[in-house]
Amino acid sequence: GFITVDIFAASPVDETKGQTEMRRRSPEGPQLMSTFAVGEEAEQTGAVLIRDIGKVAAPIDTSGARFAPGTTVRIDTVVRTRKIGHFFPGGTVDAFDVWLELIAKDASGKTIFWSGKVEDGGLGPVERGAHFYRSYQLDADGNMLNKRNAFQSRSVLYVRLIPPGAADVAHFRLNIPKDAKGPISVQAKLNYRKFAHYYTQFAYAGKPKPGSPELVNVNFDSREFSFDKANIPANVSGKIKGEIPNLPIITIAQSSAKLELGVPTWEPTAQKRDRERWNDWGIGLLLQGDLKGAEYAFKKVTEAEPEYADGWLNVARALIQEGETDAAKPYLERALSINSKLGRIHFFKALAQKADGDYDGALQSLRSVAAQYPRDRVVQNQIGRVLFLKRDYAGAEKALLSALSVDPEDLQAHYTLMLVYRGMGQPEKAKREETLFRRFKADESSQAITAKARMVSPEDNNERQMIHDHESTPLGTRQ
């Protein structure tokens with residue numbers, strides 16, 4: 001399939017008690033103003049976290065792990081894009097429902113965990129605590145854009161999309177009851193519904209409730225709507241008349257696993273057959289900014305298949321992002337010894353060289369990549385930046401204009417080009433680049449609009465965090 005789901009790893013939730021807490025670090029550089037995902041799989045642009053790695057059982061289905069009743073376990077599920085050349089999902093990412101559902105049942109059939117449940121017997125909205133893939137946009141009053149009213153978009157609560165050939169990791173906090181009967185059966189499903197439940201209701205039967213006219217203007221819509229059947233127009237298009245249709249929910253990909261109960265064992269295994277699974281988990285952690293978790297996963301990749309160059313390279317990527325360029329160098333050299341023609345190894349080697357101040361070495365590495373991929377804007381951006389640092393303004397201008405020929409809205413290129421023209425003594429061109437930079441740059445003050453959404457919905461605020469756990473929706477005595 002073009003996308004897969006893998007219930008991959010487990011760890012005890014209480015393992016970090018008394019240990020070093022996660023340390024957040026802010027990203028470097030300006031951020032692009034967008035309601036869509038931006039950047040490359042090679043770029044992690046959000047805040048990063050540094051943490052100690054505790055006990056891990058992975059892969060769950062081959063490590064022989066056991067879990068004790070009465071404990072809480074964090075289950076990591078990996079969603080991997082494969083035969084897909086764009087971010088997933090694509091298109092109108094503010095309009096439809098795409099979410100990851102996880103259900104756990106004990107041997108008696110009792111449901112002990114359910115995240116991503118669809119309310120009203122599977123016909124209503126998805127519960128708010130689910131792991132969504134979407135763009136959560138807000139109007140000027142902090143209301144969710146749920147009526148295809150994009151003209152009122154003023155801020156973004158979060159955007160979660162998966163780059164092509166990359167992965168995302170969802171973390172689920174599973175409480176295993178003391179009286180649970182093993183094994184625990186866990187099923188994960190990636191679900192898709194063409195339109196979100198609210199929008200379907202609004203499109204067919206939405207009618208504003210009587211209220212103050214000041215609740216709506218060109219910047220926001222704070223009105224409440226009723227969805228009575230009587231509101232449905234008689235001439236509504238489609239075969240269904242007088243009813244709001246229930247849109248089908250499609251399972252795009254799914255996975256299952258069994259958790260054996262007993263004395264806890266935490267022994268990860270790194271076999272060659274599982275190399276790709278370890279790597280996917282690591283990529284997902286890396287893109288979330290969990291650098292130590294990613295480093296741990298990628299080292300397992302090197303154990304599983306030492307001749308796989310990307311395993312060594314990915315360890316170096318995590319270390320470079322952490323600022324540990326000296327520690328990254330042996331891994332880069334090992335990767336090059338396996339495949340010296342792999343362009344991405346030379347790219348990340350250049351980042352380490354640039355951090356060390358070896359600008360000539362960085363340029364040599366970057367130009368070897370550009371020879372293979374002349375229209376790679378990320379490479380051209382880096383070449384332009386290094387040449388600027390060397391005060392080769394003419395060369396920097398050429399590289400940055402090359403990047404802008406690929407993406408005229410490349411924020412970093414406009415910023416560096418502004419500095420280049422100032423160095424060249426060309427204030428008019430510098431002013432133009434400054435204007436474009438400010439035009440495309442994210443408006444940090446717009447994040448103040450998110451305060452309302454974050455206070456009103458703890459679930460949405462949780463989903464906004466790059467690394468977060470999902471808990472079960474409330475369950476009855478028997479499901």
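What you see below is based on every heavy atom in this structure, not just the backbone, and it leaves out hydrogens, waters and symmetry mates.
- Looking at Asp221 and Asn149, their side chains never bring a donor and an acceptor atom within 3.5 Å of each other.
- Side-chain rings of Phe67 and Trp266 approach one another, their centers coming within less than 6.0 Å.
- Side chain of Ser446 to backbone of Asp443: a donor-acceptor contact under 3.5 angstrom is found.
- Ring-plane geometry between His470 and His468 is classed as perpendicular, the angle between the planes exceeding 60 degrees on a 0 to 90 degree scale with a lower cut at 30.
- Looking at Ser63, its side chain never comes within 3.5 Å of a backbone N or O of Ala57 through a donor-acceptor pair.
- In this structure, Arg134 forms a cation-pi arrangement with Phe132, its terminal cationic atom sitting closer than 6.0 Å to the ring centre and no more than 45° off the ring axis.
- Taking the six-membered ring where the residue is Trp, Phe113 and Phe172 present perpendicular rings, their angle passing 60° and hence far from 30°.
- Taking CG of Leu190 as the start and CD1 of Ile252 as the end, the distance is 4.5 Å to the nearest 0.5 Å.
- At a threshold of 4.5 Å between non-hydrogen side-chain atoms, the residues Leu138 and Val156 do not count as touching.
- Between Asp376 and Arg344, no side-chain nitrogen of the basic residue sits less than 4.0 Å from a carboxylate oxygen of the acidic one, so the salt-bridge criterion is not met.
- Inter-residue side-chain proximity for Leu332 and Leu313 is flagged as met; some heavy-atom pair is nearer than 4.5 Å.
- Ser153 and Gln137 share a side-chain donor-acceptor pair at under 3.5 Å.
- Arg74 is not listed as a side-chain neighbour of Leu174, based on a closest heavy-atom distance of 4.5 Å or more.
- Between Ala396 and Gly384 the shortest heavy-atom distance is CB-O, 3.4 Å.
- Side-chain contact between Tyr373 and Val379: absent, with no pair of heavy atoms (C-beta onward) separated by less than 4.5 Å.
- No salt bridge links Glu276 with Arg273; every basic N to acidic carboxylate O contact stays at or beyond 4.0 Å.
- Ion pair Lys349/Glu333 flagged as a salt bridge, since at least one NZ, NE, NH1 or NH2 atom sits closer than 4.0 Å to an Asp/Glu carboxylate oxygen.
- Look at Arg422 and Glu434 and you find a salt bridge, because one of the NZ, NE, NH1 or NH2 atoms lies within 4.0 Å of a carboxylate O, short of that distance.
- A salt bridge links Glu295 to Lys299: at least one charged side-chain nitrogen sits closer than 4.0 Å to a carboxylate oxygen.
- Rounding to the nearest 0.5 angstrom, the gap separating the CG atom in Leu145 from the OG atom in Ser135 is 9.0 Å.
- Between the side chain of Thr81 and the backbone N or O of Gly165 there is at least one donor-acceptor pair closer than 3.5 Å.
- Between Arg375 and Ser402, every side-chain heavy-atom pair lies at or beyond the 4.5 Å cut-off.
- With hydrogens and angles left out, the side-chain atoms of Ser457 and Glu459 include a donor and acceptor closer than 3.5 Å.
- Looking at Leu259 and Ile75, their side chains come closer than 4.5 Å, going by heavy atoms from C-beta outward.
- Taking each heavy atom of Leu286 and Ala318 in turn, the nearest pair found is CD1-CA, 4.2 Å.
- Leu389 contributes atom CG, which lies 4.5 Å from atom OH of Tyr359 (distance to the nearest 0.5 angstrom).
- The pair Arg317-Glu322 fails the salt-bridge criterion, with no side-chain N (NZ, NE, NH1 or NH2) lying under 4.0 Å from an Asp/Glu carboxylate O.
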Return a table of donor-acceptor pairs under 3.5 angstrom between the side chains of residues 88-99 and protein atoms on other chains or two or more places apart.
residue: Asp94; atom: OD1; partner: Arg148; partner atom: NH1; Å: 2.9
residue: Asp94; atom: OD2; partner: Arg148; partner atom: NH1; Å: 2.9
residue: Asp97; atom: OD2; partner: Arg193; partner atom: NE; Å: 3.3
residue: Asp97; atom: OD2; partner: Arg193; partner atom: NH2; Å: 3.0
residue: Trp99; atom: NE1; partner: Gly116; partner atom: O; Å: 2.9

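- Annotation: Glu307, atom CD; neighbour count of heavy atoms from other residues, nucleotides and ligands within 6.0 Å is above 12.
- Ring pair His171/His131: centre-to-centre distance not below 6.0 Å.
- For the residue pair Glu397 / Tyr421, a side-chain donor-acceptor distance below 3.5 Å is found, with atom types taken as modelled.
- Judged purely by distance below 3.5 Å, without hydrogens or angles, the side chains of Asn279 and Lys300 never pair a donor atom with an acceptor atom.
- In this structure, the side chain of Thr435 engages the main chain of Lys431 through a donor-acceptor pair within 3.5 Å.
- At distances below 3.5 Å, not a single donor-acceptor pair connects side-chain atoms of Gln382 with backbone N or O atoms of Arg377.
- Of the N and O atoms on the side chains of Tyr331 and Asn314, not one donor lies less than 3.5 Å from an acceptor on the other residue.
- The backbone N or O of Pro59 sits nowhere less than 3.5 Å from a side-chain atom of Trp278 that would complete a donor-acceptor pair.
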For this session: Check step by step if side chain to side chain contact (heavy atoms under 4.5 Å, CB included) holds for Phe8 and Thr77.
Result: CA-CA 6 Å; Phe8 181 72; Thr77 301; over 6 Å; no
For this session: Test side chain to side chain contact (heavy atoms under 4.5 Å, CB included) on Asp61 and Arg277 and set out the steps.
Result: CA-CA 12 Å; Asp61 55 346; Arg277 299 174 69 190; 3.2 Å; yes
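- Lys390 has a carboxylate O that lies under 4.0 Å from a charged side-chain N of Asp360, or vice versa, which qualifies the two as a salt bridge.
- A salt bridge between Arg82 and Asp280 is present, with a side-chain N of the basic residue lying under 4.0 Å from a carboxylate O of the acidic one.
- The closest side-chain donor-acceptor pair between Asn191 and Glu101 falls under 3.5 angstrom.
- Taken to the nearest 0.5 Å, the OG atom of Ser155 stands 4.5 Å off from the CD atom of Gln447.
- Not a single donor-acceptor pair under 3.5 Å links the side chain of Gln254 to the backbone N or O of Val5.
- Separating the OG1 atom in Thr416 from the CG atom in Leu400 is a distance of 5.5 Å, to the nearest 0.5 Å.
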For this session: Decide yes or no on side chain to side chain contact (heavy atoms under 4.5 Å, CB included) for Leu319 and Asp326, but give the supporting numbers first.
Result: CA-CA 9 Å; Leu319 291 169; Asp326 286 339; over 6 Å; no
Exercise. Do Trp312 and Ile338 pass the side chain to side chain contact (heavy atoms under 4.5 Å, CB included) test, and can you show the C-alpha distance, the side-chain angles, and the key distance before you say yes or no?
Worked result: CA-CA 10 Å; Trp312 302 95; Ile338 298 172; 3.6 Å; yes
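- Of all heavy-atom pairs between Val56 and Tyr296, the closest is CB-OH, 4.1 Å.
- Both tests hold for Arg275 against Tyr308: distance to the six-membered ring centre under 6.0 Å, angle to the ring axis within 45°.
- More than 12 heavy atoms of other shown residues, nucleotides or ligands fall within 6.0 angstrom of atom CZ in Arg334.
- Taking the side chain as every heavy atom from C-beta outward, Tyr136 and Val159 never approach each other to under 4.5 Å.
- Within a 6.0 Å radius of CD in Glu267, no more than 12 heavy atoms belonging to other residues, nucleotides or ligands are found.
- Panel note: side chain Asp410, backbone Gln412; a donor-acceptor pair is recorded below 3.5 Å.
- Between the side chains of Asp6 and Ser255, no donor N or O sits under 3.5 Å from an acceptor N or O.
- The distance from atom CD of Gln353 to atom CD of Gln364, rounded to the nearest 0.5 Å, is 7.5 Å.
- Under the 4.0 Å criterion applied to side-chain N and carboxylate O atoms, Arg454 and Asp460 are not assigned as salt-bridge partners.
- The backbone N or O of Asn217 sits less than 3.5 Å from a side-chain atom of Gln152, completing a donor-acceptor pair.
- Of the possible polar contacts, one joining the Lys452 side chain to the Asp141 backbone as a donor-acceptor pair under 3.5 Å is found.
- Two residues are said to be in side-chain contact when any heavy atoms from C-beta on lie closer than 4.5 Å; Asp168 and Leu287 fail this criterion.
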